A.B. asks: 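Dropping the structure in here first, questions after.
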Amino acid sequence: MAEHVNHRIPSIPPPVYSLPIEPIPNPNPNPTTTTTTTTTEPPPQSESKQPPEIGVVAQPPPNGPASVVPVSGIPKVTPLNRLGELPQSIDCPFCKQMTKTRVQKTDSAKTNICALLCCLICICLACLPHLMEMAQDIDHYCTNCGARVAHKPHGGPIQVQLPQEDGLIPSKYAAVENPDR
């Protein structure tokens with residue numbers, strides 16, 4: 001006959017943290033009484049000794065969270081070779097103005113190949129890669145002058161577009177003595 005065995009797992013109480021007892025100053029000018037308290041809060045984490053970042057408020061203000069404030073008052077812009085998929089603030093090399101980019105995504109050849117492969121499975125699936133915005137190229141345009149400032153092909157590095165210099169420019173290198181050799 002099977003006996004009913006009660007398997008109980010003993011419960012372990014959660015750990016209790018206590019800070020050392022420190023006297024709290026009494027606002028009463030009478031120094032004969034002091035009040036002491038103990039707390040059961042976890043000990044504070046050790047703070048790193050690194051200085052705060054430049055331009056960032058180290059301590060949150062009393063009415064809200066910390067916010068990024070430029071120290072010198074100069075707004076920050078993203079270098080053209082670090083643009084991502086979202087609009088960013090840039091210095092446009094064409095119109096020489098600080099502006100925000102406009103992002104345009106276009107289907108790449110990979111998107112069309114995926115659509116063709118889906119079409120082989122079922123004709124209804126041919127539009128799926130286009131609807132899912134798969135394998136798209138990303139173009140960044142200046143909102144001020146409309147010039148394309150960067151192009152990022154799907155799976156490739158970003159290509160920065162710079163204005164063409166007009167006419168001849170001085171060489172950065174020394175002239176070769178005999179260029180016919």
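The model shown is predicted, which means the values in this text are computed figures rather than measured ones.
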A.B. asks: Sequence neighbours excluded, which residues qualify as side-chain hydrogen bond (donor to acceptor under 3.5 Å, both in side chains) partners of T106?
C.D. replies: none
A.B. asks: How would you list, by chain and number, every residue that makes a salt bridge (Lys or Arg N to Asp or Glu O under 4.0 Å) with R148, sequence neighbours excluded?
C.D. replies: D139
A.B. asks: Starting at CG of L125, measure out to SG of C127 and round the result to the nearest 0.5 Å.
C.D. replies: 7.5 Å
A.B. asks: Sequence neighbours excluded, which residues qualify as side chain to side chain contact (heavy atoms under 4.5 Å, CB included) partners of C124?
C.D. replies: C122
A.B. asks: Please report the interatomic distance CD(Q104) to NE2(H140), rounded to the nearest 0.5 Å.
C.D. replies: 11.5 Å
A.B. asks: Got a sec, which residues hit side chain to side chain contact (heavy atoms under 4.5 Å, CB included) with A115, two or more places apart in sequence or on another chain?
C.D. replies: P129, H130
A.B. asks: Hey, what do you get for SG (C142) to NZ (K100), rounding to the nearest 0.5 Å?
C.D. replies: 12.5 Å
A.B. asks: Who pairs with D137 by side-chain hydrogen bond (donor to acceptor under 3.5 Å, both in side chains), at least two apart in sequence or on another chain?
C.D. replies: none
A.B. asks: Keeping to residues at least two apart or across chains, list the salt bridge (charged side-chain N to carboxylate O under 4.0 Å, His left out) pairs with something in residues 154-163.
C.D. replies: none
A.B. asks: Residues in side chain to side chain contact (heavy atoms under 4.5 Å, CB included) with P79, at least two apart?
C.D. replies: N81, R82
A.B. asks: What's the spacing between H154 NE2 and D107 CG if we round to 0.5 Å?
C.D. replies: 11.5 Å
A.B. asks: Is V103 isolated, or which residues cluster with it under the ILVMFWY side-chain rule of less than 4.5 Å, directly or via members?
C.D. replies: I138
A.B. asks: Check the hydrophobic clustering (I, L, V, M, F, W, Y; side-chain heavy atoms under 4.5 Å; chains of links allowed) and say if V149 and L162 are grouped together.
C.D. replies: yes
A.B. asks: Let me check something: any side-chain donor-acceptor pairs from residues 83-99 under 3.5 Å, sequence neighbours excluded? List them with distances.
C.D. replies:
residue, atom, partner, partner atom, Å
Q88, OE1, T78, OG1, 2.8
K96, NZ, P93, O, 2.9
T99, OG1, T143, OG1, 2.6

A.B. asks: What closest approach, in Å, do G156 and K152 show between heavy atoms, and which atom pair accounts for it?
C.D. replies: O-NZ, 3.1 Å
A.B. asks: Between K105 and Q136, which heavy-atom pair has the shortest distance, and what is it?
C.D. replies: CB-OE1, 3.2 Å
A.B. asks: L128 and L120: same hydrophobic cluster, using ILVMFWY side-chain contacts below 4.5 Å?
C.D. replies: no
